[in-house]
Each structure stands twice: as structure tokens, then as C-alpha cells.
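When reading the values below, keep in mind they use all heavy atoms of this one structure, side chains included, and skip hydrogens, waters and symmetry mates.
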Amino acid sequence: MVGNSRRARLIPGGGHGRGLWKASQAPGERFAVAALDRLRLVESRTHVRNTGQSPARSPPSAYARHVLRITDARTGRPVDAVPARRGLTRVEAHVRGYDLSALRVLLVADLLVRALEIGGTPVWALLTADREQAELHAGAAALGIRPFEDRRDVGPGWGESQVVHVVEEGGAAPDGVRVAVAPVETPDLPEGADPAVVRLALLVPPRSSPTRLDEATLGEAHETLARWRRAVAAWARHPSRPVPEKVRGRLRTAWEDDLDVPEVLRVLRWVEESDLPEGARFETYAHADRLLGLELTRDLGSPA
């Protein structure tokens with residue numbers, strides 16, 4: 001992380017960042033190509049292969065038979081995030097400007113996009129911000145958040161069947177389903193904080209709970225991320241095994257039940273300490289990382 005002003009900001013390029021949209025493409029073309037490419041990737045890749053091993057074969061995915069439900073902040077009641085099967089869903093993040101609370105809103109929106117795509121739903125991701133769009137895009141890229149189109153650069157819509165707005169608590173109140181995100185109560189990050197560690201630290205508490213990114217919180221997240229990456233690299237050296245159906249079901253239930261990411265993390269902690277075969281633990285972590293975006297398989301092939 002580089003401090004380019006008195007306020008420390010996350011910037012891409014530290015190994016966890018993602019590329020931005022190509023400037024040569026029109027907004028609509030960028031959206032259509034990106035949504036279709038990600039959908040094809042989800043449908044064609046069901047796991048990450050273990051180093052030197054044949055891929056584990058699992059039964060056909062059951063995700064298409066389940067529906068992601070999310071709590072609508074307007075009513076406090078759960079609603080279907082996708083009312084029409086495979087209908088286009090627009091996920092729109094609303095923030096005022098660049099700060100850690102805004103990045104948390106974008107992270108929750110990113111998780112929602114990932115969960116919908118895992119289920120086979122095409123998604124259009126938009127960002128509505130009053131200011132500091134460039135800083136928001138750079139900070140989001142550093143955190144591994146998918147690129148979001150700027151709302152000001154696109155037309156009225158593409159006939160989407162559902163719109164889900166992700167907003168800061170007490171912030172924007174657009175019409176339609178709203179997912180509220182509590183603030184980050186830390187004004188700045190420590191200089192040199194690892195964006196991947198920041199991402200994990202933001203995933204630990206429920207999105208409805210305010211959080212702080214102090215040194216103790218980031219230290220715990222750093223230890224967990226380093227331990228998990230080492231474990232995944234070690235498990236990858238063993239014969240691959242399918243994700244156990246019981247574990248797959250717990251993960252599916254967690255992220256389809258109001259995007260309960262803390263429960264996903266609890267499942268991974270249980271798997272880490274379980275007596276499941278190493279290959280099954282590897283596949284479980286790789287499978288869950290499609291939602292978490294923590295690059296848990298990053299150290300595959302590194303020296304033991």
C-alpha cells in the first residue's frame with residue numbers, strides 16, 4: 001500500500017490487484033463481454049487442480065437448484081436476489097467518496113456478484129459515487145474487487161430482471177432492494193498494510209456490524225491468511241478428492257442464506273482442523289475461494 005496523501009490509500013499492483021476495464025471498449029460492450037466471460041468461466045471450471053494430480057470429480061453442481069436470498073434493508077425481510085432464472089441482475093454500489101467504509105460497501109457488492117455468478121446468473125456491476133471515483137477504483141482493484149462500471153458512463157439499463165443496491169448505513173436510499181453495510185470505524189490503515197489481509201479482516205465480521213481495522217485485527221487476519229495459504233499449498237501435494245457433500249452443503253447454505261461470509265470462514269476453520277483427506281481439504285478451500293477472493297491457492301508450487 002502506498003500513501004499518496006495524508007490519508008493512506010490502497011492502490012493496485014501489489015500482487016492482489018485486478019486490471020481495470022480497457023479504455024478502447026464502450027461501456028455496454030465491456031459489460032456484455034465481461035459478464036459472458038465470467039459466466040463461461042464459472043460453468044467450465046468447477047475446481048482448481050492439485051499440482052501434479054488429476055482433478056477430483058464431484059457430482060454435478062446443485063447450485064442451479066438453489067436461490068440466493070438477501071435481507072432487504074427496507075423491510076428487514078429476505079428476498080430472492082434473482083427472481084428470474086438466469087435473468088440479468090444489476091448490482092449497484094452506492095458510496096459518497098473514498099474511505100474504508102466505501103471500500104467495505106464495494107467488497108460486499110463484489111461478494112454478491114461472485115455468489116450470483118457461481119449460481120450461473122449474469123451480473124452487471126455498477127458504482128455510483130459522488131466523488132473520488134479514480135481512488136475508489138484503485139482501492140477496489142487492490143482489494144481484489146471485480147471492476148465496476150461508473151454509473152455516469154452507462155445508459156438506463158439492459159432489461160435486467162432484478163436490481164440490488166448495496167449502500168452504506170444511513171447513506172443513499174435508492175428505490176428497490178437494498179443491502180446495508182455498517183461502517184469501518186478506523187479512519188486510516190497502517191502504512192504498508194497488505195490488501196489481501198485487509199480483505200480478510202473485512203470479511204470476518206457480519207456486514208451489519210461496525211468494524212475496526214486496527215493493528216490487532218490486521219495481525220490476526222495476516223496470521224490466518226498466511227497459515228491457510230501454507231496449508232493449501234501442502235494439501236495440493238496429495239491426491240485430489242472431491243469436496244465432501246456435507247461440507248459443500250454447509251458452504252452453499254451459508255452464502256445463499258443472506259451471504260453469510262462469517263459462516264463460510266467458520267466452515268473453513270472446521271475443515272482445517274478436521275480429519276478429512278488432504279486432497280478434499282484442498283478442493284474445499286479452492287471452492288470457497290471462488291466467493292472469498294483471497295487467492296488461497298497462490299502459493300501452489302512454492303518450496304515446502
Side-chain angles (χ1 to χ4, degrees), residues 1-18 93 95-111 114 132 134-146 166 168-171 180-234 254 259-273 285 288-289 291-299 302:
M1 181 186 67
V2 177
N4 59 4
S5 69
R6 293 183 63 188
R7 179 173 61 177
R9 297 171 185 250
L10 291 168
I11 63 172
H16 195 79
R18 301 293 191 271
V95 298
R96 299 179 182 90
Y98 179 93
D99 60 16
L100 293 178
S101 294
L103 289 180
R104 192 183 190 192
V105 169
L106 282 167
L107 177 57
V108 171
D110 177 62
L111 293 169
R114 289 169 180 264
E132 298 175 305
E135 291 88 344
L136 286 163
H137 283 297
L143 286 178
I145 294 171
R146 307 284 184 87
V166 185
E168 298 174 276
E169 282 188 354
V181 182
V184 178
E185 297 177 340
T186 310
D188 297 315
L189 288 170
E191 197 69 27
D194 182 345
V197 171
V198 174
R199 182 178 177 108
L200 176 56
L202 288 172
L203 294 178
V204 171
R207 65 174 181 273
S208 58
S209 299
T211 189
R212 296 184 60 82
L213 296 180
D214 52 28
E215 290 189 6
T217 300
L218 293 174
E220 183 178 351
H222 179 273
E223 292 177 4
T224 298
L225 185 60
R227 186 179 73 251
W228 282 357
R229 284 175 171 172
R230 287 195 303 269
V232 168
L259 206 59
D260 189 355
V261 176
E263 177 61 19
V264 173
L265 297 175
R266 283 190 287 271
V267 173
L268 292 188
R269 294 187 187 99
W270 178 85
V271 169
E272 179 186 17
E273 298 173 357
Y285 271 64
D289 202 37
L291 175 74
L292 301 175
L294 294 172
E295 295 186 339
L296 296 177
T297 60
R298 190 194 68 175
D299 293 342
S302 61

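- Across A193 and V198, no two heavy atoms sit closer than the pair CB-CG2, 4.1 Å.
- The shortest non-hydrogen separation linking A140 to L103 is N-CD2, 3.8 Å.
- Residues passing the salt bridge (Lys or Arg N to Asp or Glu O under 4.0 Å) test with R230, sequence neighbours excluded: none.
- Note that CZ of R114 and CD1 of I145 are 9.0 Å apart. Values are rounded to the nearest 0.5 Å.
- Residue pairs meeting the ring-ring contact (aromatic ring centres under 6.0 Å, His included) criterion with at least one member in residues 190-216, sequence neighbours excluded, do not occur.
- With hydrogens and angles ignored, the 3.5 Å screen pairs a side-chain donor or acceptor of R199 with a backbone N or O of L292.
- Rounded to the nearest 0.5 Å, atoms CG (L111) and CG (L106) are 11.0 Å apart.
- The main-chain N or O of E295 is found under 3.5 Å from a side-chain atom of R229 such that the two form a donor-acceptor pair.
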Using the rule given for side-chain contact (heavy atoms from CB on, under 4.5 Å), can you reason through V232 versus D299, listing the C-alpha separation, both sets of side-chain angles and the distance that settles it, and then say yes or no?
CA-CA 8 Å; V232 168; D299 293 342; over 6 Å; no
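- Every residue meeting the side chain to side chain donor-acceptor pair (under 3.5 Å) condition with R266, not counting sequence neighbours, appears here in chain and number order: E263.
- Partners of D260 according to the side chain to side chain donor-acceptor pair (under 3.5 Å) rule, which considers only residues two or more places apart in sequence or in another chain, do not exist here.
- Distance check: L265 CG to L294 CG gives 7.5 Å after rounding to the nearest 0.5 Å.
- With sequence neighbours excluded, the residues that form a side chain to side chain contact (heavy atoms under 4.5 Å, CB included) with E169 are A180, A182, P183.
- Contact detail for L218 and P190: the closest heavy-atom pair is CD1-CD, 3.5 Å.
- Side-chain contact between L225 and L296 is present, with at least one heavy-atom pair separated by less than 4.5 Å.
- E135 contributes no side-chain N or O that, together with a main-chain N or O of Y98, makes up a donor-acceptor pair within less than 3.5 Å.
- Residues that satisfy the side chain to side chain donor-acceptor pair (under 3.5 Å) test with E272, not counting sequence neighbours, are R227, W228.
- Between A102 and E168 the shortest heavy-atom distance is N-OE2, 4.1 Å.
- Judged by distance alone, the side chain of R146 and the main-chain N or O of A109 form no donor-acceptor pair under 3.5 Å.
- With Y285 contributing its side chain and L268 its backbone, the two residues share a donor-acceptor pair below 3.5 Å.
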In a table with atom names and distances, give each donor-acceptor pair under 3.5 Å that connects a side chain of residues 200-211 to protein atoms at least two apart or in another chain.
from	atom 1	to	atom 2	distance (Å)
R207	NH1	D258	O	2.9
R207	NH2	D258	OD1	2.6
R207	NH2	D258	OD2	3.3

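- For T217, the side chain to side chain donor-acceptor pair (under 3.5 Å) criterion is met by D214, not counting sequence neighbours.
- D194 and A196 get closest at one heavy-atom pair: OD1-N, 2.9 Å.
- Once rounded to the nearest 0.5 Å, the distance linking CG of L100 with CG of D188 reads 7.0 Å.
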